[in-house]
Amino acid sequence: MHTVWKGSISFGLVNIPVKLHAATENKDIKLRQIHKECHTPISYEKTCPGCDKEVKNEEIVKAYEYEKNKFVVLDQDDLEKLKKETEEKAVEIIDFVDLEEIDPIYFEKSYFLAPDAGGGKAYLLLRQALEKSGKIGVAKIVIRSKEQLAVVRVYENTLLMETIHFPDEVRNAGDVSIPDTQNITKKELDTALMLIKQLTTPFEPEKYSDDYRTALMELIEEKRTGKQIVEADEGKQPAAAANVTDLMSALQASIDKTKKQPKAAGGGGRKKAAAKPKVKQEA
């Protein structure tokens, strides 16, 4: 299993070397965008609309837009300094709480915690202590330069870390427009409760599946085995940026050449030279 982070769990003076593994995966089927005419995959380039040109990575800086079109530029050195000040490579458990106290709206992503070299005994100690106490640990961790709130709990025989939202990241439910109180009759409520009772069952996650993803994969396989496939024309792959410049030079030279040709009889006076066409890059 791929390791996404290495560091340690600390609670009190106990320090446990651990490795972090993603506990879930996105099973969405990714579809590519291709040109309908020649089946070449569509490429996307970073461009500056103001300069009407492609921008290289080294020409890009990060900034915070505090008002429309007004920015505070942040140097990479500033960001690196902040990162070093906050990233201690440790899951620091701050408090222990009951899982039931945290509403599911706070939960974000799950990670398996595995003991790293020399951390086996302390890892098992924390796992057993959490099991016996029935508590979960509330911790802070920095992942990919972002400080996150998290909980550490027992899942089967493994320690599981789940990142959770900070309180100010959860929007106020009071901002949602809700209908005024309606007159619900006792018969309507009793019927709804009866329906809930009839549909109540133990949670068995394996009985649920993504029907759309299954149907889409079946459609793709049906088309593939039926030879309903297309191939990109290798001779029409995206050209390098230098070739684009050469192409524009050739086009401009052709335009200039046509201007110098004699006009047909009755063509009238001399016309103003055409402006050089601009290259419009795709966003």
Side-chain angles (χ1 to χ4, degrees), residues 4-5 7 9 11 20-31 44 46 49 60-74 76 78-83 85-113 130 134-155 159-184 188-189 192-193 195-196 199-201 203-205 208-213 216 283:
V4 298
W5 183 90
I9 300 177
F11 64 106
L20 206 63
H21 311 283
T24 60
E25 58 181 321
N26 189 340
K27 291 273 189 171
D28 284 351
I29 298 172
K30 296 181 180 178
L31 303 179
Y44 296 91
K46 295 177 181 178
I60 299 174
V61 296
K62 294 183 178 179
Y64 175 75
E65 186 174 16
Y66 64 94
E67 288 182 18
K68 182 68 174 177
N69 291 328
K70 292 185 178 181
F71 304 90
V72 174
V73 176
L74 299 171
Q76 191 60 33
D78 295 333
L79 297 174
E80 285 297 327
K81 184 180 178 181
L82 265 181
K83 180 180 176 182
E85 289 175 353
T86 57
E87 190 169 21
E88 298 178 353
K89 289 293 181 184
V91 181
E92 182 189 359
I93 296 180
I94 306 166
D95 299 305
F96 290 94
V97 301
D98 293 323
L99 177 60
E100 294 75 18
E101 293 181 287
I102 304 176
D103 191 277
I105 195 173
Y106 284 92
F107 290 95
E108 191 175 11
K109 189 170 183 178
S110 304
Y111 298 90
F112 290 130
L113 285 165
L130 290 175
K135 303 295 182 180
I136 64 172
V138 178
K140 277 189 175 184
I141 182 175
V142 176
I143 303 178
R144 298 185 183 93
S145 302
K146 183 181 186 299
E147 185 176 65
Q148 297 196 273
L149 200 58
V151 296
V152 177
R153 66 185 182 89
V154 178
Y155 175 78
L159 285 180
L160 183 76
M161 187 191 81
E162 294 183 90
T163 54
I164 62 177
H165 294 288
F166 284 101
D168 60 353
E169 294 178 318
V170 178
R171 291 176 174 172
N172 187 355
D175 294 336
V176 181
S177 178
I178 303 298
D180 294 334
T181 303
Q182 303 291 319
N183 292 323
I184 305 298
E188 290 171 332
L189 181 58
L193 292 172
L195 178 59
I196 290 174
L199 294 177
T200 298
T201 180
F203 178 60
E204 299 173 0
Y208 306 102
S209 61
D210 187 337
D211 295 335
Y212 173 78
R213 175 161 56 88
L216 180 55

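Here the structure is a predicted model, which means the values were calculated and not measured.
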Less than 3.5 Å apart, which donor and acceptor atoms pair up between the side chains of residues 63-72 and the rest of the protein, not counting sequence neighbours?
| unit_1 | atom_1 | unit_2 | atom_2 | d |
| --- | --- | --- | --- | --- |
| Glu65 | OE2 | Asn69 | N | 2.8 |

Nearest atoms (heavy-atom pairs only) where Val97 meets Glu101: CB-OE1, 3.5 Å
For the student: nearest non-hydrogen atoms of Ala150 and Ile141, plus distance: CB-CG2, 4.3 Å
Which residues share a ring-ring contact (aromatic ring centres under 6.0 Å, His included) with Phe203, sequence neighbours left out: Tyr208
Salt bridge (charged side-chain N to carboxylate O under 4.0 Å, His left out) partners of Asp210, counting only residues at least two apart: Arg213
Salt bridge (charged side-chain N to carboxylate O under 4.0 Å, His left out) partners for Glu169, two or more places apart: Lys146
Verdict with supporting geometry, Leu130 and Ile136, side chain to side chain contact (heavy atoms under 4.5 Å, CB included): CA-CA 6 Å; Leu130 290 175; Ile136 64 172; 5.6 Å; no
Which residues pass the side chain to side chain donor-acceptor pair (under 3.5 Å) test with [X], not counting sequence neighbours?
X      : value
Asn183 : none
Asp98  : Lys135
Thr200 : none

Set of residues satisfying side-chain contact (heavy atoms from CB on, under 4.5 Å) with respect to Lys140, sequence neighbours excluded: Ile94, Glu147, Leu149, Phe166
Set of residues satisfying side-chain contact (heavy atoms from CB on, under 4.5 Å) with respect to Leu160, sequence neighbours excluded: Ala23, Ser110, Phe112, Arg153, Tyr155, Glu162
Trace of the side chain to side chain contact (heavy atoms under 4.5 Å, CB included) decision for Trp5 with Tyr111: CA-CA 10 Å; Trp5 183 90; Tyr111 298 90; over 6 Å; no
Over 12 non-hydrogen atoms of neighbours within 6.0 angstrom of CD1 in Ile105: no
Residue pairs, two or more places apart or on separate chains, that pass salt bridge (charged side-chain N to carboxylate O under 4.0 Å, His left out) and touch residues 103-112: none
